[in-house]
Protein chains: 2
Amino acid sequence: MKTAFLDKGHDHGDCIQAALNAAEVVCQKQKARLTPIRRRVLELVWRGHAPVGAYELLQILKDEGFNPAPPTVYRALDFLIQHGLVHRISSLNAFVGCSRPGDVHDGTFLICRTCGTAAEMLDQTVLGTIGDMALSNKFSLSHVSVEAVGVCVDCRDGDRTEV
Amino acid sequence: MKTAFLDKGHDHGDCIQAALNAAEVVCQKQKARLTPIRRRVLELVWRGHAPVGAYELLQILKDEGFNPAPPTVYRALDFLIQHGLVHRISSLNAFVGCSRPGDVHDGTFLICRTCGTAAEMLDQTVLGTIGDMALSNKFSLSHVSVEAVGVCVDCRDGDRTEV
DNA sequence: TATATAATGTTATAATATAACAATATGTTA
DNA sequence: TAACATATTGTTATATTATAACATTATATA
Ligand SMILES: [Zn+2]
Ligand SMILES: [Zn+2]
Ligand SMILES: [Zn+2]
Ligand SMILES: [Zn+2]
């Protein structure tokens, strides 16, 4: 598998650009409208690899001259989640960009409690195992959330650079 | 493995009694005090197998003549979680009794969206797989939450008896 | 009993999220 | 284009979940 955590020296501008490009493609395919607010919220969610709270997004938008109320942000987030562009991290009440947009799927994350980074595990093994468990319980599975908290290797090695 | 979902005809009084007994044992071992409020909250969490919200517990306690404020309930829940007697279901902002008290562990649940039942998967395979993923990412794992939503077999078969 | 610690009471408020309805923009059809 | 339907956003208010801060009471220990 590809490693879930990106190198701390990676060019994050590329991450943002890739996310926005993918969003354009996804929305075109699904005839959905990536309006300015939705696009801006996606961009802000991609500020880094740590999940961001809705009210944090709200504050940034206010600072930028938009004057949104909470529903504006929550609607944009709902849209982005529905279209597989963002995941909600329920243990943090926060939102993070999807690492594999365009292919709607459940989120499985390793979350570093030190730098905040939420790395999406793109491997299918975990979901496969849970699928097996569901089967053996005759449980009809809709969606799964896996949130594993700990410390990433960079932070364990004493390197606290925020991503 | 034992099946995660109990038969709908099971004697739930036994579940409650077992939970309270186990709590006594756990608290004695850990020299922790199972005070009346803590005990009552645990009992209420065990009203059924569906997670219960903190304010729902609060309302029940009020109806019973206690007059607790939110911190009372949250403190009791925190205590019960710390001692491995209750799990928090973060996708529901709710709390459910632990099916294997006395052995502090991460919660892995199948949650039926129809009857609300949250069945704890006691099998270690899922956590083992996640542990492997963490290892291969050099991620130092602290705790894991697995919440799988779907429909349980009883509800799928059209039997909507609440548990 | 005196003292320290743990637990609970109490008040206020923070943080997260949604309901309800109005206004505007966009797409579609006549 | 005009008329209409639908989607999106604006706006106000409020619901829901959770915690901070400090006072009081209960319990354990010396
Ligand atoms: Zn990046
Ligand atoms: Zn994803
Ligand atoms: Zn039961
Ligand atoms: Zn458990």
Side-chain angles (χ1 to χ4, degrees), chain A residues 23-24 26-45 50-62 64-83 85-96 116 145 147, chain B residues 23-24 26-45 50-62 64-83 85-96 116 145 147:
Chain A
E24 299 281 6
V26 166
C27 288
Q28 222 158 26
K29 241 181 225 164
Q30 307 188 11
K31 292 189 209 296
R33 291 170 50 207
L34 191 64
T35 61
I37 289 177
R38 290 167 177 174
R39 188 187 165 86
R40 186 68 187 122
V41 167
L42 178 62
E43 206 174 357
L44 290 176
V45 164
V52 189
Y55 279 76
E56 202 175 335
L57 295 171
L58 197 62
Q59 187 54 54
I60 298 170
L61 290 170
K62 276 182 181 161
E64 287 180 348
F66 290 80
N67 195 28
T72 305
V73 168
Y74 280 103
R75 284 166 184 156
L77 288 168
D78 285 347
F79 172 91
L80 296 169
I81 290 168
Q82 291 304 316
H83 292 80
L85 301 168
V86 161
H87 293 286
R88 178 169 199 275
I89 307 295
S90 65
S91 64
L92 298 176
N93 293 326
F95 305 84
V96 71
S145 138
E147 300 175 15
Chain B
E24 300 280 7
V26 166
C27 287
Q28 224 158 26
K29 244 182 222 164
Q30 306 187 11
K31 292 190 208 298
R33 291 172 48 208
L34 191 64
T35 61
I37 288 178
R38 290 167 175 173
R39 187 188 166 86
R40 186 68 187 122
V41 168
L42 178 61
E43 205 174 359
L44 290 176
V45 164
V52 189
Y55 279 76
E56 202 176 336
L57 296 170
L58 196 62
Q59 187 55 55
I60 298 170
L61 290 171
K62 277 183 181 161
E64 287 178 348
F66 289 80
N67 196 27
T72 305
V73 169
Y74 280 102
R75 284 165 183 157
L77 289 168
D78 285 347
F79 172 91
L80 295 169
I81 290 168
Q82 290 305 316
H83 292 80
L85 301 168
V86 161
H87 292 287
R88 179 168 197 276
I89 306 294
S90 64
S91 65
L92 299 176
N93 293 326
F95 304 84
V96 70
S145 140
E147 301 175 13

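First the proteins, then the strands, lettered A, B, ... as listed; each starts at 1.
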Remember a base hit wins even if backbone is also touched, and classify B:R38 as base, sugar-phosphate or nothing at under 4.0 Å, heavy atoms.
sugar-phosphate
From the set C:dT8, D:dT12, D:dA20, return the single nucleotide nearest to any side-chain atom of B:T35.
C:dT8
Checking the side chain of A:E147 only, and the main-chain atoms of B:S145 only, is there a donor and an acceptor separated by less than 3.5 Å?
no
Between C:dG9 (P) and B:L61 (CG): distance, integer Å
10 Å
The residue, B:F95 or A:P68, whose nearest nucleotide of DNA chain D is more 5′ is A:P68
Taking C:dT11, D:dT9, D:dT17 as options, the one with an atom nearest any side-chain atom of B:A69 is C:dT11
Euclidean distance, atom CG of residue B:L92 to atom P of D:dT16 [Å, nearest integer]
16 Å
Taking the side chain as C-beta and beyond, is there a heavy-atom pair between A:L34 and A:V26 under 4.5 Å?
no
Here's a test of your reading of the structure: between B:P70 and A:A32, which maps to the more 5' nucleotide of DNA chain D?
A:A32
I want to check something: taking the side chain as every heavy atom from C-beta on, are B:I89 and B:S91 in contact at a cut-off of under 4.5 Å?
yes
Between C1' on C:dG9 and CG on B:L58, what's the gap in Å once rounded to a whole number?
13 Å
Separation of atom CG in A:N93 from atom C1' in D:dT17, rounded to whole Å
9 Å
Taking the side chain of A:R75 as heavy atoms from C-beta outward, which of C:dT18, C:dA7, C:dA20 is closest to it?
C:dA20
Look at atom CD of B:Q30 and say whether more than 12 heavy atoms of other residues, nucleotides or ligands are closer to it than 6.0 Å.
yes
Separation of A:I89 atom CD1 from C:dT16 atom P, in whole Å?
15 Å
Separation of D:dT8 P from A:L77 CG (nearest whole Å)
15 Å
Taking the side chain as every heavy atom from C-beta outward, state whether A:C27 and A:F79 have any atom pair closer than 4.5 Å.
yes
Return the stacking result for D:dT16 and B:Y55: yes when the ring centres lie under 5.5 Å apart and the planes under 30°, no otherwise.
no
Can you identify which nucleotide, out of D:dA20, D:dT27, C:dG9, has its nearest atom closest to the B:R33 side chain?
D:dT27
Can you check the B:Q59 CD to D:dT17 P distance for me, whole Å?
13 Å
Whether B:T72 contacts C:dG9 is assessed here as follows: a side-chain N or O lying under 4.0 Å from the phosphate OP1 or OP2. Is that the case?
yes
Specify the separation, in whole Å, of atom CG of B:D78 and atom P of C:dA6.
16 Å
